[in-house]
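One structure is given below, encoded as structure tokens.
Below, each value reflects all heavy atoms present in this structure, side chains not excepted, and no hydrogens, waters or symmetry copies.
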Amino acid sequence: MRRRFLTVLAAAMLVAPAVPGVAHAGPSYPFRDPRLPLPARVDDLVGRLTLDEKVSLLHQYQPAVPRLGLDFFKTGTEALHGVAWSTDIDNNGAVVTADGTAFPQAVGLASTWDPDLITRVGAAVGDEARGFHAENPRVFGLNLWAPVVNLLRDPRWGRNEEGYSEDPLLTGAISTAYGKGLQGPDPAHLKTAPTLKHYLAYNKETLRDTTSSNVPQRVLNEYDRQAFKPALTANAATGVMASYNLINGRPATVDPDQATLLRRWADYPLFNVSDAWAPNGLVQSQKYYGTQAEADAAVIKAGLDSFTVDDTNAVPTVTAVKQALAQGLLTGKDVDRAVGHALSIRFRLGEFDPGGGRYAAIGAEVIDSPAHRKLARETAGDAMVLLKNNGLLPLKKDRTAVIGPLAGTLYTDWYGGKLPYEVTAVDGIREQARETVSSTGSDRIALKLGDRYLAGGPDAVTVTAPSATAEAQFDVVDWGQDILTLRNVANGKYLGNTNGVFTTRDDQPNGWFVQQQFKLEKQADGTFALRYAGYETLESWFGPNKYLTVGADGKLTLGSPDAAGAAHFTREVLRSGVDEAVAAARSADTAVLVVGSNPFINGREAHDRTSLALGAGQEALVKAVVKANPRTVVVVQTSYPETINWLQRNVPAIVWTTHAGAETGHAIADVLYGLRNPAGRLTQTWPASADQLPADLDQYDIISTGQTYLYSEQKPLYPFGYGLSYTSFTYGKPEISGDEVRVRITNTGRRDGDEVVQLYTHQRTSRDKAAVKQLRAFDRVHLKAGETRTVTLPLKKNDLARWDQTRGRWVVESSDYDILVGASSSDIRQRATLKVKGETIPARDLSRVTRAETFDAYAGIRLLDESKVAGTVIGATAAGQWAAYKDANLRDADSLTVRTSGRGTVEARLGSPTGKLLGTATVSAAGDVYSYSTTTVPVARVNGRHDVYLVLSEGVRLSQFFIR
């Protein structure tokens, strides 16, 4: 999209003179002249490429073009909260893990509510991406796949750790900040090229590539799209990655927004990419197209510019695209456009500038630098949220017991790198406490079969040990839902499975198929069967055997589909984790208990959460320790909300943190001992129970279902925006002036601290259901003890706009708006009223052609694709499903006209889906679901303003209608 660039002059295409003082390598083609406008440079280079060269650049691994001096270019280095990993074309696409600075998980970054800090974090990650690129440019490319801006609509989503917030404004602010840091202050000269993930309405891992997100007009425009818009309009991202799911019946991989709406938001050409293997899914799992040539043509026409598919093998993509060209499914201009987008970020990254551009000098010395370590500690500390404190915190430097399965271990996640060093909670607290004692709180067990014990080994685990030596001892951690990990005492490695061979050689549970998960199932005779629960057991290809048996050679093997045929072990408890933890707690003045989740087990990509509860064994540990020592602080280290109701009622002090990287232990100690006054705030609601959530994850209509703080009327465990401090703040009366709201904040406590001032609004009257409240602005401010400061928060009239589905545009309604200022969505300290003279949405005019998707209410109706290219229709999956079009002005109407596909009926009724029948259109369209016909039938003459209900029979798709 080039509308804001300089016009390309013919003279720009001439061979450019050398830049004074700078030597060009190779021929001085115009595309190598940095003084020319970007469009001119792109067009010049595209014009010099052959068709074969152009098509080759559409794959993730863009080959070199030596005759023009183009190097190999790879898209997609993962950098969600630090440089994480990339893939190696020279080693069959093997994952290469980075070992740079590790910042808190994304949901933790957002809990700082500090865009300036996150810009600094992004800048550090961008520097390190350049550093890794300098070390190995064939592995670590400069097109980064981050940040993730999908909204955290439901805390059961497996990828909750990757997103920022359930709120689009906060998500937009943090993603824009991180993106600006990653790419640097000048979008024309990029440090790195960040890509927003995953467009759009994607919050479900189960069957994610075949599930369609049902997103009505208001939710689509006011909620899901709003998460992506800020970074693109601020030029803080260079493209998007399409998600796996379908959106209103159409795969996101071919969503036309990527060629239209998104490009209108941005000042620069966007480089949009597919998710891994998604283009093939259009033919395979989604069966949306019959051939790969059709699918790949549709992908390009829909606005994606790069195929992440077939690992390092570009041949299938090149073949399909050439077939599409030969069949007339694509034109040369289509290919030129996509290739131009692909090359545009390479220009902006400085690849074709003398010396490689302004960031080319950044080398490996920046990786894990002292400055970055310091920033990581600051960020991890600022991200921590104080959930409860009855005065126990900050702690005194006394004898402290540090207890729990996460006390002495740091866990990484799928989109994190390898930690270059580790500061655990035990390490950090040891630096502050007078003395410490520690315990994992884990049971230590041995498993005996006959007269032999299960013994670990790096090559094979066998039932051969004659006694419970260290090799035959395992520490057990309960991660919830009966999932356990077994860590061998002798070598500290985890029991795991690789291609059917069980060993103890894994440092942590990890990998795409997490193969270190087990269940110990008690049998009627008191013995235990060991069930393997690695993630690949959920795949259709895995096979029936999930229970462990023991072969004649003593080796464990997957030998039985049920417990009856499994080996039945006697479990010997060599050490009670609870007893050890209780003893440690009793011996100390204070106990710090670190419990929580494992990012590879409890929820992650491809696996949604099945429970919001803390592991039962961990909760039992908390109860025992609190009973033993009432001076207990619980640090909950998770990637998402937990229903820790018992803890909130009974534990004196609770702190929440994500898995916060190598400096986690320092950050925990800084907060617990008052070196840092906690000021993190929750970025999503913590429900009191799963009953406060919809029945399943596949409910994207947050307005109808009452999801998130925006529309929920239920009392949560912890509200959106919540977090406590070691000091206190008072708020003055807000003053509204022009486009600003000003409020005086005073630190009334004895400690310096940060307050996150939050501005919400509530629209008192509206044609449609309005949010309970909605975040409009925020500011994290530092105040010394006793200090007063006036905080200015922006609030423009247009900020109050909502989507008018009746006319398909944004509108600010005339209303009184409550201006709510406070410390969380539930802690409103001061309020004012703003009278806004805007519009009154008029009655619907159904005599005009009305898109069926613009309904006001519905039941059972699915939103579906009007064609494979564009458009949305409504369809019924069962008889009696309906859509309502409220407050319609019917002026002497006597006919109903519908445009439909399928066979069945469309009834028009007044007032309700069972109200007065105006008329029935019996429809029958020949052909497939995309073959539409128009039917007109008489209806009972009616006048006045009414709510009109269209009731569809099963299988009918309704595109548009009118009543006149």
Query - Listed once per pair and sorted, the salt bridge (charged side-chain N to carboxylate O under 4.0 Å, His left out) pairs that draw on residues 97-114, sequence neighbours left out - result: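 Of all non-adjacent pairs touching residues 97-114, none passes salt bridge (charged side-chain N to carboxylate O under 4.0 Å, His left out).
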
Could you check whether any side-chain heavy atom of [X] comes within less than 4.5 Å of a side-chain heavy atom of [Y], counting everything from C-beta outward?
X: Val595; Y: Gln637; answer: no
X: Val592; Y: Ile429; answer: yes
X: Leu386; Y: Leu393; answer: yes
X: Thr657; Y: Val671; answer: no
X: Thr485; Y: Val476; answer: no
X: Asp589; Y: Thr400; answer: no
X: Pro509; Y: Ile601; answer: yes

Query raised in the report: Do Asp398 and Lys396 pass the salt bridge (charged side-chain N to carboxylate O under 4.0 Å, His left out) test, and can you show the C-alpha distance, the side-chain angles, and the key distance before you say yes or no?
Result: CA-CA 6 Å; Asp398 54 17; Lys396 298 177 181 178; over 6 Å; no

Report task. Show your reasoning for whether salt bridge (charged side-chain N to carboxylate O under 4.0 Å, His left out) applies to Arg604 and Glu205. Result -> CA-CA 9 Å; Arg604 55 155 291 180; Glu205 298 304 296; over 6 Å; no

**Report entry** Reference residue Tyr709; test ring-ring contact (aromatic ring centres under 6.0 Å, His included); the match among Tyr718, Tyr722, Phe720
**Finding:**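 Exactly one candidate clears the test, Phe720.
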
**Report entry** Pairs involving residues 609-650, ordered by first then second residue, that meet ring-ring contact (aromatic ring centres under 6.0 Å, His included) (sequence neighbours left out)
**Finding:**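 Found none.
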
Query - Gap separating the NE2 atom of His666 from the CD atom of Gln432, nearest 0.5 angstrom - result: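 Nearest 0.5 Å value for the NE2-CD distance: 8.0 Å.
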
**Report entry** Aromatic centroids of Phe513 and Trp414 separated by under 6.0 Å
**Finding:**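 Between Trp414 and Phe513, the centre distance exceeds or equals 6.0 Å.
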
**Report entry** Between Phe600 and Tyr535, ring centroids under 6.0 Å
**Finding:**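 Ring centres of Tyr535 and Phe600 not closer than 6.0 Å.
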
Query raised in the report: Can you list the steps and then say if Arg159 with Glu605 is a salt bridge (charged side-chain N to carboxylate O under 4.0 Å, His left out)?
Result: CA-CA 5 Å; Arg159 304 182 76 166; Glu605 184 174 1; 3.3 Å; yes

Closer than 4.0 angstrom, basic N to acidic O: yes or no for [X] and [Y]?
X: Asp382; Y: Arg676; value: yes
X: Arg609; Y: Glu642; value: yes
X: Arg430; Y: Glu435; value: no
X: Asp507; Y: Lys493; value: yes
X: Asp475; Y: Arg444; value: yes

Report task. Check Ile445 against Leu520 and note the closest heavy-atom contact, atom names and distance. Result ->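 Minimum heavy-atom separation between Ile445 and Leu520: CD1-CD1, 3.9 Å.
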
Requested in this report: Over all heavy atoms of both residues, which pair between Thr171 and Ser165 is shortest? Give the atoms and the distance, please.
Outcome: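 Closest pair (atom of Thr171, atom of Ser165, distance): OG1-O, 3.3 Å.
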
Requested in this report: Would you please classify the geometry between the Trp686 ring and the Trp656 ring as parallel, tilted or perpendicular, with 30° and 60° separating the classes?
Outcome: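 Aromatic pair Trp656/Trp686 classed perpendicular.
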
Query - Aromatic plane relationship, Trp85 with Tyr415 - under 30° parallel, 30 to 60° tilted, over 60° perpendicular - result: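 The rings of Tyr415 and Trp85 lie parallel, inter-plane angle below 30°.
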
Report task. Provide the full list of side-chain hydrogen bond (donor to acceptor under 3.5 Å, both in side chains) pairs with a residue in residues 745-756, sequence neighbours left out, each pair given once. Result ->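 Only Arg681-Glu755, Thr727-Asn747, Ser728-Thr748, Tyr731-Glu755, Thr746-Thr788, Asp754-Arg780, Asp754-His782 qualify under side-chain hydrogen bond (donor to acceptor under 3.5 Å, both in side chains).
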
Report task. Test the Lys397-Tyr673 pair against the cation-pi criterion, namely NZ or CZ under 6.0 angstrom from the six-membered ring centroid and within 45° of the ring axis. Result ->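 Output yes; distance and angle both within limits.
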
Report task. Quick one: do Arg373 and Asp368 satisfy salt bridge (charged side-chain N to carboxylate O under 4.0 Å, His left out)? Show the steps, please. Result -> CA-CA 6 Å; Arg373 290 188 175 193; Asp368 190 35; 2.7 Å; yes

Query raised in the report: With sequence neighbours left out, what residues match Arg531 under side-chain contact (heavy atoms from CB on, under 4.5 Å)?
Result: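 By the side-chain contact (heavy atoms from CB on, under 4.5 Å) rule, Arg531 matches Lys519, Glu521, Lys546, Tyr547.
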
Query raised in the report: salt bridge (Lys or Arg N to Asp or Glu O under 4.0 Å) with Asp579: which residues, sequence neighbours excluded?
Result: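 Not a single residue meets the salt bridge (Lys or Arg N to Asp or Glu O under 4.0 Å) criterion with Asp579.
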
Requested in this report: Output all residues satisfying side-chain hydrogen bond (donor to acceptor under 3.5 Å, both in side chains) with Asp413, sequence neighbours left out; order by chain, then residue number.
Outcome: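 Partners of Asp413 under the side-chain hydrogen bond (donor to acceptor under 3.5 Å, both in side chains) test: His81, Gln105.
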
